[in-house]
Amino acid sequence: MAMLSVLRKIVQEVSAAPDLETVLDLTVRRIQRAMHTQVCSIYLLDSVTQRYVLMATQGLNREAVGKASLSAAEGVVGLVGQRAEPLNLEDASVHPSYIYLQSTGEERFHAFLGVPIIHQGEVLGVLVVQQYERRRFDESEEAFLVTVSAQLAGVIAHAEATGSIQPVGNNANSKPVAQDRRFTGVAGAPGVAIGQVYVATLPADLEGVPDKPAKDIDAELDRFYAALDAVRREIRDVSRSLAQRLRSDEQALFDVYLRMLEDNALAGEVTERIRAGNWAQGALREVVEQHVREFSAVDDPYLRERVTDIRDLGRRVLSHLQEAFSGGEVEYPDNTILVADDLSPAMLGLVPEDKLVGLISVTGSGNSHAAILARSMGIPTAMGVVDLPFTRLDGREVILDGYSGRVYVNPSDDLKNAFDEILREEQMIAAGLETLRDLPAQTTDGYRMPLWVNTGLVSDVARSLERGAEGIGLYRTEIPFMTRDFFPSEQEQLQIYRAQLEAFAPRPVTMRTLDIGGDKALPYFPIDEENPFLGWRGIRVTLDHPEIFLVQVRAMLRAAQGYGNLRIMLPMVTSMHEIEAASAQIDRAVRELQEEGLDVERPPVGIMVEVPAAVYLTRRFARKVDFISVGSNDLTQYLLAVDRNNPRVADLYAPYHPAVLKVLHFVAQEARKERKPVSICGEMASDPGGALLLMAMGYDVLSMNSNNLPKVKSAIRGTSLAKANSLLQRVMRMDDAEAIHQYLRNSLKEMGLGNLTRPALPDRD
Ligand code: PEP
Ligand code: MG
């Protein structure tokens, strides 16, 4: 078989294995066979003892598994880990680093090839092949082992993480959870939290269902049987209604479905697991997952197709179970930490705000929209915690560090005390900032910097007014669209918009027209694309759907009647014709409403600069519109070519990248040449250091999440415009994003504003 297909098969098979032991065992067996070596072994680094432990082997003494180990600085294995690169030796036993592990019986082998297993930049362990003869492994063998290792690192990390948390109803034979087990994601929203996990599941999202102990096993069994009955009825109904139109072999598929549900198939296995203590939904997920794994691994394409059938059946049963469950109100713990596979803006409203202390998402990144909203709500959040075995965490106590994106499972008293201390410190800082509410955002040399807010959630309005916001620089209209079942009517929109305009009048309210696509989906208008951030987004969607755009603009205009504080803003503008087309629509809406006898006028219309093309056309665009607002979140992702939603590249998303700073400065200067007001409404304005730079660049308005407004105000009041200017001049000469960030942090500290940056946090393995 060609090596590529061998490789593919190994990865497929190993990925389908249910636990760490099987993952490692299969890996060594398959590699040994594929490479025709006498030995293949895996050593994993134990993070507590810092030793490489032999975890699986084919060829060495099996008795040594779990026992034989080397310190990270010892032996040729340690050397591979230390250097994080392959080591190919003709005779390992003569290498100066060689240490002979007697229990393994490895003295017979000479040729040695070890490659590191690296996941997310960290060495997890070492993969080794050995042979009797003295010879160097050739280049293609080395390349093969490196490739397998790179592909399996994620699978091994995930299996290891899952195995570290014992499943529900299976207490007898699994290891206890290690204390302070740490999972690393990326920062979502600052703050720390200690609380109890509640796993949120989307309807019919089987993979996201958590394990929970069954409170009443008989009741769970009854629920399951009822759901099964309902699904059987559904299948028979569909089968009957299609009877005329289907061939008999197609019709037979329904019988296959029905048989799969029988007691000696899926149903029996699920009831067994319910009896073992898992609730019905969790038991169903376990069984379906296991079958999916088994079927995915087989060669037969017919059987592989069955994976889809099993998943489909699983979802059907699940949706009936969820229906039965939603009858009862969910009891959220007092300190709920909401965990989701893919945290969406719509989920943020699930838990009552007085009970929600933290949010964790397995996918996504710090500039995903869910994280932005979490920041505005002031809820500590970790995003992209990709290895978190979240289905095993429901009901458990965890610590969440939103500054760094870390999550600690099974926290020790020591760690809890340390985080308690930080919580108290944060409360004191917040109380200190509250006194700023009625004071102006004015520098020590008298420069007045208007501070506006970004809104979208209902709760944003009260919070923003409480914190002394002087206007709304960005109202994300798509947020209220997300929590509905279909597009809101003109009347409904009018009411939603009026609430914002009324609460803020006479202060200006900038309403952005619907900005969906990217990571913002409407449940009733799905957009499924390969590259959603380069796809059908923002104004591209609304120009293709004038009916949606017109209704929205009409609702805004009507809502502003009597207040006169509306401004309309267009997202994702790339070309002049988009401005012209949208303007024409707005003119049409104004004309139509006037013809209907309403007293409306054309509001100021502006555009967002968030696509690089718009940067270079700022002056021309500025002549056509009333104001410019920079969306630095998208502008950063497009300039740096880093998907703002992808945790893998989260480290590369750098708002202080010199290129980003140059562009931001340029846009402010260009807009000013046309004497048009220029503001910024990306998250950068919410960062005290960023706000000072933007003020110095000449931005007329900074619009930010309401939660950070007091911190930004404090920074502005604590410095002079002259000082901000010299800060800007200095950083504009620097080359490195991280160095700039560090420099800003230090400068804030020197100005006595150190409490506005993150606290010193405990960091445990
Ligand atoms: C931006 O892109 O900077 C912006 C403010 O819009 P959003 O984050 O909603 O895409
Ligand atoms: Mg944007």
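Hydrogens, waters and symmetry mates are skipped; everything else that's a heavy atom, side chains included, is used. Counting starts at 1 for both ligands and their atoms, in listed order. Predicted, not measured: the structure shown is a model, and the values here were computed from it.
- For Phe487, the ring-ring contact (aromatic ring centres under 6.0 Å, His included) partners two or more places apart in sequence, or in a different chain, are Tyr524, Phe525.
- The distance cut-off of 2.8 Å around the Mg ion (ligand 2) captures these protein N, O or S atoms, sorted by chain and number: Glu610 OE1, Asp634 OD2.
- Per-residue contacts place Gly682 under 4.0 angstrom from the following atoms of ligand 1 (heavy atoms of the residue considered): 3 (O).
- Nearest non-hydrogen protein atom to atom 5 (C) of ligand 1 is Cys681 O, 3.4 Å.
- At a cut-off of 3.5 Å, with distance as the only test, no side-chain donor of Ser361 or Asp342 sits close to an acceptor on the other residue.
- At a heavy-atom distance under 4.0 Å, no atom of Gln637 approaches ligand 1.
- Ion pairing between a basic and an acidic side chain is recognised when a charged N comes within 4.0 Å of a carboxylate O; Glu670 and Lys673 show such pairing.
- Salt-bridge check for Glu466 with Arg437: failed, with every basic side-chain N at 4.0 Å or more from each acidic carboxylate O.
- Between Ile337 and the choices Val199, Leu359, Leu356, Ile360, the side-chain contact (heavy atoms from CB on, under 4.5 Å) rule is met once, by Ile360.
- In the vicinity of Leu474, heavy-atom distances shorter than 4.0 Å reach the ligand 1 atoms 5 (C).
- Within the 4.0 Å heavy-atom shell around ligand 1 one does not find Glu683.
- Ligand 1 has no atom lying under 4.0 Å from any heavy atom of Met684.
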Any chance you could lay out the side-chain contact (heavy atoms from CB on, under 4.5 Å) test for Gln442 and Ile716, step after step, and finish with the verdict? CA-CA 6 Å; Gln442 191 166 338; Ile716 287 171; 5.9 Å; no
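- With ligand atoms numbered from 1 in the order given, ligand 1 contributes 4 (C), 5 (C), 6 (O) to contacts under 4.0 Å with heavy atoms of Met608.
- With respect to atom 6 (O) of ligand 1, the closest heavy atom belonging to the protein is Arg512 NH1, 2.9 Å.
- The side-chain contact (heavy atoms from CB on, under 4.5 Å) with Met511 is formed by just one residue from the set Arg567, Gln552, Gln500; it is Gln500.
- Salt-bridge check for Arg484 with Glu492: passed, with a basic side-chain N closer than 4.0 Å to an acidic carboxylate O.
- In terms of polar-atom proximity, defined here as any N/O pair under 3.5 Å, Glu478 makes no such contact with ligand 1.
- Contact annotation for Arg644 and ligand 1: only side-chain heavy atoms (C-beta onward) come within less than 4.0 Å of the ligand.
- No hydrogens or angles considered: a donor-acceptor pair under 3.5 Å links the side chains of Asn454 and Ser703.
- Atom numbering of ligand 1 starts at 1 in the shown order; those under 4.0 Å from a heavy atom of His369 are 7 (P), 8 (O), 9 (O), 10 (O).
- Contact check on Arg507 versus Glu470 returns no salt bridge, with no Lys/Arg side-chain nitrogen under 4.0 Å from an Asp/Glu carboxylate oxygen.
- Between Glu490 and Arg558 there is a salt bridge, since a side-chain N of the basic residue sits under 4.0 Å from a carboxylate O of the acidic one.
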